[in-house]
Amino acid sequence: MIDLEALSRYTEIPSTARRLLERPERQLQLSISLRTSNERLYQADAFVVYWNTARGPAKGGIRLWPDVTLRETAELAELMVYKTALVGVPFGGGKSGIALDPGEMSAPEKASLMKEYVRLIQFELDGSAYIPAPDMGTTARDMAVISSETQRRETVTGKPVSVGGLPGREQATGRGVAYVAAMAWEKLLGLSVQNVRVAIQGFGNVGAWTASFLHEMGACICGVSDIHGGTFAGGGLDIPALRRWIQNGGKLESFGQGEIVTNDELLASDVDILIPCAVGGVLNEHSAPSVQARLIVEGANGPTTAAGHELLLARKIQVVPDILANAGGVIASYVEWSQGKSGRLMHQEETYVTVEQHIEEAFRRVLSRSREQSVSLRVAAATLAVDVVVRAMVDRGWL
Ligand code: NAD
């Protein structure tokens with residue numbers, strides 16, 4: 001959770017605002033059941049949280065992962081409040097979660113699950129109070145199922161282009177992560193991104209696209225991992241070949257380039273930039289002391305704990321925070337949502353330019369506040385975002 005008390009040392013947060021921002025506006029706890037054609041019964045907890053909607057409808061992805069909890073969903077919804085505020089996207093913060101393992105479901109089962117989910121949260125979707133997108137375990141195809149069920153394009157973002165999605169939305173989060181990583185490396189360390197050595201944890205949507213874009217920029221992607229472990233080659237991995245390998249059903253560990261490593265080894269590997277793009281809390285009091293990278297870019301949501309952050313800062317390792325680094329997805333989602341309403345068409349390159357402009361502008365503001373107030377990038381980003389949310393609450397007459 002954002003520590004508003006600690007942040008109030010650096011920016012003015014009225015006490016009423018603090019009280020409103022410390023709790024979610026709305027939490028739904030649901031039970032989702034699905035009987036499949038072979039008589040299998042899936043049953044799981046599901047959650048929808050709106051943390052704060054002062055700046056617009058609750059926006060946030062659907063996480064389909066076995067260990068999803070209400071608490072985690074709420075924390076991710078809270079993060080969305082500040083992410084949308086920092087990059088100037090007029091959405092509030094929301095999130096939803098379904099505690100099931102997507103790896104255990106066939107494609108038709110997953111489609112039926114999404115249809116059942118739409119039935120359960122119909123009221124939220126019909127009123128446009130909550131606008132989902134993909135998150136861990138869900139994909140563009142799942143968003144296509146949701147949009148088919150609601151029959152309104154703007155109910156969901158992250159759809160395939162063939163059904164009204166935005167060209168470049170699938171790549172947008174990774175595009176933003178790669179862009180901000182290169183910019184931070186150049187501005188904070190004064191070095192070129194050419195040949196910079198990078199390790200990326202998580203090779204799903206965010207990790208794989210981040211790897212592709214950084215590879216195109218001339219960086220050397222030395223290590224990548226997924227939930228089963230990773231592969232590391234000091235001289236760099238052939239990322240286009242690795243992506244083709246994975247797309248054709250290959251496993252990371254049998255790719256044949258580099259040495260097989262565990263996730264712990266990947267986080268501690270000898271690289272310049274480490275980019276966690278999987279689960280939360282991986283850089284903590286146990287793992288942070290072994291990090292060798294000089295810059296962390298948070299592709300995942302919440303990968304660095306408060307204790308991990310302190311340890312990294314004490315070792316002069318800078319952390320580009322999630323609400324800035326992975327905001328490319330929500331920026332593109334806003335464009336897709338507006339496109340769904342207006343019918344305007346956009347090209348992939350325009351999406352990339354929009355993502356880069358918003359991220360660059362936010363990065364500059366974060367860097368300048370961090371320097372002015374001698375605070376970390378995390379504190380600078382959070383205080384800038386809190387200021388924007390408080391302003392909206394004042395304008396709405398909530399304070
Ligand atoms: P994804 O499901 O496409 O991929 C997740 C990847 O992480 C997979 O490679 C998986 O094997 C790996 N993984 C899972 N558990 C792991 C573990 N314990 N250790 C190591 N690797 C593990 O998910 P995604 O959409 O790429 O999301 C990844 C992260 O980025 C999440 O934290 C998500 O909240 C965040 N995020 C995603 C988006 C988006 O647009 N998809 C936007 C902003 C933030």
Side-chain angles (χ1 to χ4, degrees), residues 59-68 72-73 75-80 82-84 86-87 89 91 93-98 100-103 110 132-143 156-159 165-166 168-177 180 199-212 223-231 242-243 246-247 251-253 261-267 274-284 287 297-304 321-334 336 351 355 359:
K59 185 81 186 89
I62 305 174
R63 185 169 282 198
L64 177 64
W65 211 251
D67 55 10
V68 157
E72 182 197 64
T73 311
E75 284 176 0
L76 292 167
E78 185 190 14
L79 213 60
M80 288 303 292
Y82 301 108
K83 191 184 298 182
T84 51
L86 182 66
V87 294
V89 166
F91 280 139
K95 198 83 184 180
S96 62
I98 307 174
L100 275 175
D101 186 350
K110 212 173 165 211
D135 191 74
M136 270 178 61
T138 53
T139 60
R141 199 174 166 164
D142 301 314
M143 303 307 119
V156 61
T157 61
K159 301 178 290 291
L166 179 76
R169 167 62 184 90
E170 185 199 323
Q171 298 91 328
T173 307
R175 180 82 184 189
V177 174
V180 84
I200 300 177
Q201 183 189 46
F203 207 63
N205 173 284
V206 181
W209 282 114
T210 299
S212 293
V224 299
S225 71
D226 64 14
I227 192 165
H228 305 293
T231 180
L242 175 57
R243 292 209 60 187
I246 301 282
Q247 271 153 14
K251 304 266 179 249
L252 261 186
E253 60 271 24
V261 290
T262 63
N263 266 291
D264 287 346
E265 287 167 342
L266 184 102
L267 295 176
L274 175 63
I275 313 187
C277 293
V279 283
V282 293
L283 294 172
N284 48 42
S287 56
V297 180
E298 296 187 324
N301 282 317
T304 315
D322 47 11
I323 61 171
L324 169 63
N326 69 32
V330 80
I331 296 166
S333 274
Y334 179 71
E336 181 179 337
T351 303
V355 165
I359 297 241

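The analysis underlying the following values was restricted to heavy atoms, covering all of them including side chains, and did not include hydrogens, waters or symmetry mates. Order of appearance sets the numbers: ligands from 1, and atoms from 1 within every ligand.
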**Message:** Checking E298 against T304: is there a side-chain donor and acceptor pair closer than 3.5 Å?
**Reply:** yes
**Asked** Does D142 come within less than 4.0 Å of K110, counting only side-chain N to carboxylate O?
**Response** yes
**Asked** Looking just at side-chain N and O atoms, do R243 and S212 make a donor-acceptor pair shorter than 3.5 Å?
**Response** yes
**Item:** Between K59 and T157: side-chain donor-acceptor atoms closer than 3.5 Å
**Value:** yes
Show me the short polar-atom pairs for ligand 1: any N or O of it lying under 3.5 Å from a protein N or O, with distances only.
| unit_1 | atom_1 | unit_2 | atom_2 | d |
| --- | --- | --- | --- | --- |
| ligand 1 | 2 (O) | G137 | N | 3.0 |
| ligand 1 | 3 (O) | N205 | N | 2.9 |
| ligand 1 | 9 (O) | F203 | N | 3.0 |
| ligand 1 | 9 (O) | G204 | N | 3.3 |
| ligand 1 | 11 (O) | I227 | N | 3.0 |
| ligand 1 | 21 (N) | I227 | N | 3.4 |
| ligand 1 | 26 (O) | N205 | N | 3.2 |
| ligand 1 | 26 (O) | V206 | N | 2.9 |
| ligand 1 | 32 (O) | R63 | NH2 | 3.3 |
| ligand 1 | 32 (O) | A278 | O | 2.7 |
| ligand 1 | 32 (O) | N301 | N | 3.1 |
| ligand 1 | 34 (O) | R63 | NH2 | 2.8 |
| ligand 1 | 34 (O) | D135 | OD1 | 2.7 |
| ligand 1 | 34 (O) | D135 | OD2 | 3.3 |
| ligand 1 | 34 (O) | N301 | ND2 | 2.8 |
| ligand 1 | 40 (O) | T173 | OG1 | 2.8 |

**Request:** Taking atom types as modelled, find out whether D135 and T138 have a side-chain donor-acceptor pair closer than 3.5 angstrom.
**Result:** no
**Prompt:** Does a donor on one side chain and an acceptor on the other come within less than 3.5 Å for R169 and S333?
**Reply:** yes
